[in-house]
2 protein chains.
Amino acid sequence: MLKYQQIAAEIEQYINQHDLKQGDKLPVLEQLMSQYGVSKSTVTKALELLERKGIIFQLRGSGIFVRRHNRPGYMSLFSTQGFKSNLGDRMLTSDVLDVSVTKPDATVAQNLGIDVTDDVYRVERVRFVDGEVFCHEESYFVKAIVPYLNREIVADSIFDYVQGALGVTIGFSDMYMQVGRLSASEAGYLGLQQDDPTLRIETIFHLSNGKPFDYSRITYHYEYSQFVVQANGPYM
Amino acid sequence: MLKYQQIAAEIEQYINQHDLKQGDKLPVLEQLMSQYGVSKSTVTKALELLERKGIIFQLRGSGIFVRRHNRPGYMSLFSTQGFKSNLGDRMLTSDVLDVSVTKPDATVAQNLGIDVTDDVYRVERVRFVDGEVFCHEESYFVKAIVPYLNREIVADSIFDYVQGALGVTIGFSDMYMQVGRLSASEAGYLGLQQDDPTLRIETIFHLSNGKPFDYSRITYHYEYSQFVVQANGPYM
DNA sequence: AATTATAATTGTACCGGTACAATTAAACAA
DNA sequence: TTGTTTAATTGTACCGGTACAATTATAATT
């Protein structure tokens with residue numbers, strides 16, 4: 001693990017363990033430097049990471065402060081999208097409906113940048129948070145990149161498996177969101193009525209080399225899907 | 001304007017003017033250094049900015065590449081939230097329903113971290129993109145920070161005014177999203193039916209010193225609200 | 001007590017450097 | 001041709017430094 005990642009993790013842990021609140025001040029840069037025995041730029045990089053994660057904010061001439069949003073029921077949009085596993089103390093489980101190798105239709109192929117003759121893994125799951133139906137997910141993996149999947153892997157975290165066992169690194173993702181109405185079958189999975197409102201998110205996950213490897217469509221249960229997104233300033 | 005911001009803006013402009021596609025390669029770091037006559041770290045910082053904006057991705061040992069999502073109809077979630085004005089060539093207009101000074105109710109006061117006896121500006125607008133009803137917005141500004149607003153300012157960009165004329169800098173925001181059904185009055189504003197699905201986003205905007213100054217509730221027209229969010233990897 | 005000028009604090013911009021890991025290209029061998 | 005080894009390319013991690021702007025604390029003034 002890189003130094004600045006390690007330091008960021010330790011500072012985050014410190015904030016959680018001491019239950020620091022919004023606006024609480026952290027040690028000044030110079031102290032963090034000596035405390036962790038690294039140069040200024042390394043600490044700065046760690047802090048930048050935490051800033052992007054929405055955990056701190058820095059104010060020139062003043063100090064480094066804790067940033068906290070105050071709505072317990074809301075999950076980070078990104079934590080439910082493969083990234084960051086910090087769902088806090090919530091239990092995430094899955095019913096696996098399908099794991100199979102097939103050919104993609106035109107839409108799927110286009111989103112994955114492959115040919116309709118290429119193989120893909122199709123995975124279908126219903127996901128639960130603390131036992132409550134949370135979403136229905138249909139996702140496709142490029143088989144050339146993810147050569148093997150089974151029900152055990154899929155019941156757990158696919159992303160951990162892909163990054164761990166397969167040794168590929170995930171780079172970035174494009175999420176497309178829209179609101180709509182549930183179809184009859186979707187309503188069945190989510191325990192809702194047809195035409196009930198829903199949030200749909202399609203996501204294309206890319207490896208760090210830019211190649212798409214996963215295209216997923218998630219339909220959220222509107223009563224249990226409350227998301228928080230912490231954004232950082234107008235950067236320019 | 002800072003050097004690295006300037007360079008980032010120029011590179012972005014270059015990409016747009018030459019209509020570069022996803023995967024197209026940009027000049028290598030060393031060339032960018034000499035081209036702009038700055039040090040490596042300054043170029044790196046510019047590139048990092050562009051990476052966060054979802055405009056490029058970098059691959060060690062290989063190069064710097066253009067990143068582009070391929071869905072024209074979708075707007076960046078952040079561009080509709082005060083940040084970044086890059087709505088492309090779309091026309092954003094507003095019907096101003098209310099601009100007045102009042103006292104906040106308990107919820108508003110709590111979200112803004114002020115007392116119910118403090119003054120706030122209440123602004124209510126219906127917003128249009130290319131003439132189509134896009135959303136209904138109700139927002140509250142802390143009067144101690146934003147001492148004056150009128151219909152002209154509000155019809156345009158409030159954020160530009162706040163940052164420009166008032167000289168305060170916006171730091172970060174917390175967005176809370178959920179899906180629900182429209183009330184009768186909301187449906188009226190959006191030209192929809194009661195109980196139609198909708199996306200609701202509440203946002204608390206903070207100054208760079210961490211103080212909240214704007215709390216807004218937006219209700220989106222579900223047919224015209226399609227958002228894209230470009231996320232960057234699991235950072236840790 | 002309230003305002004204003006001054007000084008100390010503290011993060012950010014920018015420089016220039018070394019070492020290194022991932023990728024790609026070139027050279028070589030089977 | 002195909003695979004393997006080697007070398008060149010290229011971005012990232014990390015160091016340590018100077019200058020500076022925004023904030024906050026202190027001192028001086030009204």
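The sequence lines fix the lettering, A, B, ..., with proteins before strands; numbering per chain opens at 1. Worth knowing before you read on, the calculation uses all heavy atoms, side chains too, and leaves out hydrogens, waters and symmetry mates.
With sequence neighbours excluded, the residues that form a salt bridge (charged side-chain N to carboxylate O under 4.0 Å, His left out) with D119(A) are K103(A). Taking Y176(B) as the reference, H69(A), Y74(A) meet the ring pair (Phe, Tyr, Trp, His ring centres under 6.0 Å) condition, with sequence neighbours excluded. Remark: F141(A) engages no residue in a ring pair (Phe, Tyr, Trp, His ring centres under 6.0 Å) (not counting sequence neighbours). With sequence neighbours left out, the salt bridge (charged side-chain N to carboxylate O under 4.0 Å, His left out) criterion links R217(A) to E138(A). K21(B) meets the salt bridge (charged side-chain N to carboxylate O under 4.0 Å, His left out) test with D19(B); sequence neighbours excluded. Y14(B) is linked by a ring pair (Phe, Tyr, Trp, His ring centres under 6.0 Å) to H18(B), counting only residues two or more places apart in sequence or in another chain.
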Reading 5' to 3' through nucleotides 17-25 of chain C, protein heavy-atom contacts under 4.0 Å coded B for base, S for sugar-phosphate only, - for none: BB--BBBS-
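Counting only heavy atoms from C-beta on, Q58(B) has its side chain closest to dG11(D) among dG16(D), dG11(D), dG11(C). Listed nucleotides dT10(C), dG11(D), dC14(D) differ in distance to V28(B); the shortest reach to its side chain belongs to dG11(D). Comparing dG11(D), dC14(C), dT12(C) by their closest approach to the side chain of L29(A) singles out dT12(C). Of the candidates dA13(C), dC15(C), dT10(D), the closest approach to any side-chain atom of T42(B) belongs to dC15(C).
Distance, Q6(B) CD to dA13(C) P: 15 Å, rounded to whole Å. Protein atom NZ of K45(B) is 7 Å distant from nucleotide atom C1' of dA13(C), rounded to whole Å. As a whole-Å value, the separation of E48(A) CD from dC14(D) C1' is 14 Å. Spacing between atom CG of L32(A) and atom C1' of dT10(C) amounts to 12 Å, rounded to whole angstrom units. Rounded to an integer number of Å, the gap from M33(A) CE to dT12(C) P is 14 Å. Computed from coordinates, the L2(A) CG to dT12(D) P distance equals 12 Å when rounded to whole Å. Going from atom CG of L47(A) over to atom P of dT10(C) covers 14 Å, rounded to whole Å. What separates CG of L26(A) from P of dT10(C) is a distance of 13 Å, to the nearest Å.
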List the steps and the verdict of salt bridge (charged side-chain N to carboxylate O under 4.0 Å, His left out) for E202(B) and R71(A). CA-CA 12 Å; E202(B) 293 172 73; R71(A) 302 208 184 172; 3.1 Å; yes
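When the nearest nucleotides of DNA chain D are assigned to V38(A) and E30(B) by heavy-atom distance, the more 5′-ward of the two goes with E30(B).
Side-chain N/O atoms of Y4(A) include none lying less than 4.0 angstrom from OP1 or OP2 on dC14(D). Checking the phosphate oxygens (OP1, OP2) of dG16(C), no side-chain nitrogen or oxygen of S41(B) falls inside 4.0 Å. Contact between the side-chain N/O atoms of T44(B) and the OP1/OP2 oxygens of dT12(D) is not found at any separation under 4.0 Å.
The closest side-chain heavy-atom distance from L47(A) to V43(A) is below 4.5 Å.
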Short N/O separations, protein against nucleotides 3-8 of chain C, under 3.5 angstrom:
none

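Pairs engaging residues 29-50 of chain B under the ring-ring contact (aromatic ring centres under 6.0 Å, His included) rule: none recorded [sequence neighbours left out].
Minimum interatomic distance between F205(A) and S216(A) (heavy atoms only, all atoms of both residues): CE1-OG, 4.2 Å.
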